[in-house]
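The next block holds one structure in the form of structure tokens; read it before the comments.
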Amino acid sequence: MVAERTAFLNQMVEVFTSTVSFGERLNNMVHLLARNLKVDLALYFALDKAKETLFLNISSQGPVPPHLRVEFPLGQGIVGETAATRKIKVVHRDHRPAPQTNALLEKLHPAYHTLACFPVADDNFLYGVMLLMDREDRSITPTERQSVQLVSLMLAGTLRQAILQDEAKKRIAELSVLFEVGKALASTVELEELLERIVSTTAKVITARGASLQIADAVSGEVRVSSRYGRVPSGGPFPPPDFPVSGGPAGPAYFEAEAMDSQGRTHYCLAVPLIFKGQLRGALGVYDKLAPDDGHLPFDPENRQLLYTMAGLIVSAIENALTYQQVEELAEKNQRMVKNLTVLQEISQALLTTVQADKLLSIILQGLTLEQGLGFDRAMVMLVDEATQTLKGAKAARRTPLPPDLPLPRALLLPLAQEVPVADWEVPLQADEGPLVVAALQKRPYLNQPGLDSDLPRALRGRYTASEFFMVPLVVKDRTTGLILVDNQDSGRSLDPEPLDSLQMFATEAALVLENAQLYSTIEANNRELLLIRERMLESDRLAALSSLASGMAHEIRNPLVSIGGFARRIAKLVDEKSPLRGYVEVIQEEVTRLEKLLREILDFTGENLSYYGDHDLGKIIEDTLILVQRDLDAFKIKVVKDFSPLPRLHCDDRQMKQVFYNLFQNAIQAMHQGGVLTIRTYTMNKEDGVYAAAAISDTGGGIPLEVLHNIFNPFFSTKDYGTGLGLAIAQRIVSRHYGQIEVNNEMGKGVTFIVSLPVAKYCLVKEEGQGAAPAAVLKATKGG
Amino acid sequence: MKKILVADDEMSIRLLYSEELKEEGYEVYLASNGREALEVVDKIPLDLVILDIKMPEMDGIEALRQIKERRPDLPVLLSTAYGEYRQDFATWASDEYLVKSSDLEDLKSAVKRYLQD
């Protein structure tokens, strides 16, 4: 008996430790138990995963045919009760009426009398139930009971091993899938490619017909990225956009649905949420698990678990990719910014090459429009006219077509090839001129609303058309000095934000250089004026020195000349007319006369003569002077044309004025020895400092050669073989003494016009009676003066 | 015969004037400065004086003043190389202001005008 038992235990341990498959081992154990206890049947009922039902799994009589696969709900029948109570149960058919629930067992052993049921469990887990059936009405001895309990434990151990091995296998399989996914995710950082790989790997791993992934922006809710692989059924269910992020108390959220298409096929969908730091959210979904018979299967919890795991991996991979993309975008943006800054710096450099407003405007427009520069199609500069408080078009241009490889610093200095005429653009600087002007006044940039023509000031409507334009004000010291307008109207491109940013940076500098140019030109004008004044002062100094020298010399020369000339005349009277001496003496006389005339002119010029100021009529002065030259005019057949306007009376020295016109007439006559027309026009003209009476004397003598033009007012300059060269110098001296001006209008090939202008009001404050302050006695003796 | 005084520091001018005036039939006295001129005026009953302005010791303007004090009726002609003395009020006392010229016709006609009667 003991030996028998030992043999049974030996056999049992042999089976337990054998290397055959778990199923074989379990079969062997059940079979061995039945043989050892000498019962008709030993049956193992396994508890299903849901722990609700026990079904016949192993029979000591070999494989269980499908029609004998009986099952018991937990707690029902002897099998269900044993499993629920985990207590051994022995039932005899004749002693008590068998419960109805045990009737199923008759299918297995119609003639059974004894049922003995043992739980198969280890210390914490119930795997199933071992049922012994026998036709005899027999009892179970304690030894037998021990044997069954031992076998049950061994069964439990084997089952646990099997479950563990199964789980380990699954884990390994899952891990290898995840490894594949991880490999795919790590293989690229390009977001689009990554998403494609995610969905394709997900579909393959789960053996789904299709997979999709979509990520929506957390703020706007718009789908930012989405990717699909395989066949995502159009008629099937699809995870909704308002996919729940967090699940209920039952566990993490997921979406599972099925739907029938028009062909009557069922489609399945399983999706899990993708959560990115609560910022972005989306869903990873799979569709239609492929069944071996080409049908579709529903997804099981393991698939869901795998999908969750993959979602976690995907989220971090996408986060990486997004970060990478952001970094790359940032780097790209940086690069563009560096390029734009370089452009701005090169424009700045070019702007340093000049202080002339026009050149600066040209460089600015080149910088704004060139492909190598900021690349706008068109650019316009308008500047504020402080006096009229209007914006005036300064300069505008389209892009100058240049080879793109021409370096920007050189291209900037090239002339504009396609200027746009804006000189007549004039916009009042008032708030009611629309948002563009308002923005300029408020010193802020302005991007128009496309298609809204009322954005433009009234004066520009119809003259300037751009569906999209951008204005940036030119501001210096908190004052709007103008504006820059850019658009891409020619190409129809939209305005990119980056060149606009650069333009705003650039506007500050453009405003400054243009302001500087303005200041510089003012300084330059002042400087020119100073130079002119200095020149005049120098000239007057020079003339003063010349005057005193000339005056001193003239007087010293006059006495000897009088003696020489006087005695020559005396000699001439004494010499016989036929004597050769007579000619010699006449030469002396003539030469002395010429010298005396020169002396008079010099002394006139140096201011020896007195002034005789009074109120005179310029027309009368001119008429009187014309009488003096009438003989010459007739001799050279010069026609006189007079065009006199009534003029206010002038306060002047009439004798000196006659001298002025006499000299000018002489000049004209000299130029018209072949005949011609002397035109004299008088008129009033308004200058900045008051009203002037003017006389224009024009000849038709062909003009003054350019090379001598700048010299004509210089003392002692003469192109003539005779004369002192003082004529025009004296005229200018006299006129400037009267606070007037002489201008020359030279038309080469035609003639010269001298315009004498004299102030009428300003210097007439002191009125003098008659001809001036000098007494009549003095006036009588002016002939020799 | 009318008596004319010619006062001029330039010897050549004195000679020229005296020759020309003598030829016209006048009696000519000469002086080389204002002081000498006054001496002649005091001694001789002159009919006319021709005075240079710029002279040493006493100039013509001072001489003119003193001559007109002593003999207001005596015509005095100023004959000078300078035009600008016209601005000097002191010269206004003269009867004529003549700028010297080698052509003595102006001078002679002026003399004739004053000595006609």
Side-chain angles (χ1 to χ4, degrees), chain A residues 547-548 550-574 585-586 588-613 655 772-785, chain B residues 6-24 32 50-56 59-60 64 68 75-111 113-114:
Chain A
S547 295
S548 81
S551 163
M553 275 188 55
H555 291 115
E556 287 306 316
I557 291 166
R558 191 170 256 171
N559 274 329
L561 270 183
V562 169
S563 306
I564 296 166
F567 282 113
R569 281 167 204 274
R570 286 192 62 71
I571 292 166
K573 281 183 213 162
L574 300 173
V585 170
E586 278 174 0
I588 297 173
Q589 254 177 261
E590 281 165 20
E591 288 301 303
V592 167
T593 305
R594 198 167 70 86
L595 282 173
E596 283 183 318
K597 189 176 171 235
L598 173 63
L599 271 185
R600 267 200 307 280
E601 287 190 355
I602 290 173
L603 291 174
D604 272 352
F605 177 70
T606 58
E608 175 196 283
N609 289 336
L610 273 177
S611 310
Y612 292 81
Y613 276 88
R655 290 178 329 120
V778 178
L779 286 166
K780 277 194 296 183
T782 54
K783 199 179 168 194
Chain B
V6 174
D8 198 305
D9 60 334
E10 292 268 345
M11 192 271 283
S12 60
I13 297 288
R14 288 201 301 273
L15 182 60
L16 177 68
Y17 280 16
S18 71
E19 290 293 302
E20 288 283 323
L21 291 170
K22 276 181 199 163
E23 212 171 76
E24 296 290 315
S32 60
I50 297 171
L51 264 183
D52 185 20
I53 291 179
K54 276 197 95 176
M55 289 184 292
D59 67 11
L64 169 67
K68 285 288 177 184
V76 179
L77 310 185
L78 289 173
S79 165
T80 171
Y82 296 84
E84 51 268 49
Y85 287 111
R86 278 200 188 101
Q87 295 166 72
D88 189 338
F89 278 72
T91 65
W92 296 3
S94 71
D95 295 80
E96 199 92 16
Y97 189 109
L98 299 163
V99 176
K100 282 178 186 169
S101 165
S102 61
D103 183 355
L104 296 185
E105 288 312 310
D106 282 354
L107 178 74
K108 286 193 279 189
S109 64
V111 169
R113 217 161 45 238
Y114 286 97

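Note on naming: letters A, B, ... go to the chains in the order of the sequence lines (proteins, then strands), and numbering restarts at 1 for each one. In what follows, every heavy atom counts, from backbone to side chain, and hydrogens, waters and symmetry copies are set aside.
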Inter-residue atom distance A:N559.CG - B:I13.CD1, 0.5 Å rounding: 5.0 Å

Largest heavy-atom contact set with chain A, pairs under 4.5 Å, which of B:S101, B:S12, B:A110: B:S101

Chain A contacts, top residue of B:L15, B:D8, B:D103 (heavy-atom pairs, under 4.5 Å): B:D103

B:E19 portion near chain A, given a 4.5 angstrom heavy-atom threshold: both

Exceeds 12 heavy-atom contacts within 6.0 angstrom, atom NZ of B:K54: no

Backbone of B:S102 reached by a side-chain donor or acceptor of A:E596 within 3.5 Å: yes

Pairing of B:E20 and A:K573 as salt bridge, 4.0 angstrom limit: yes

Region of B:D52 in contact with chain A, defined by heavy-atom distances below 4.5 Å: neither

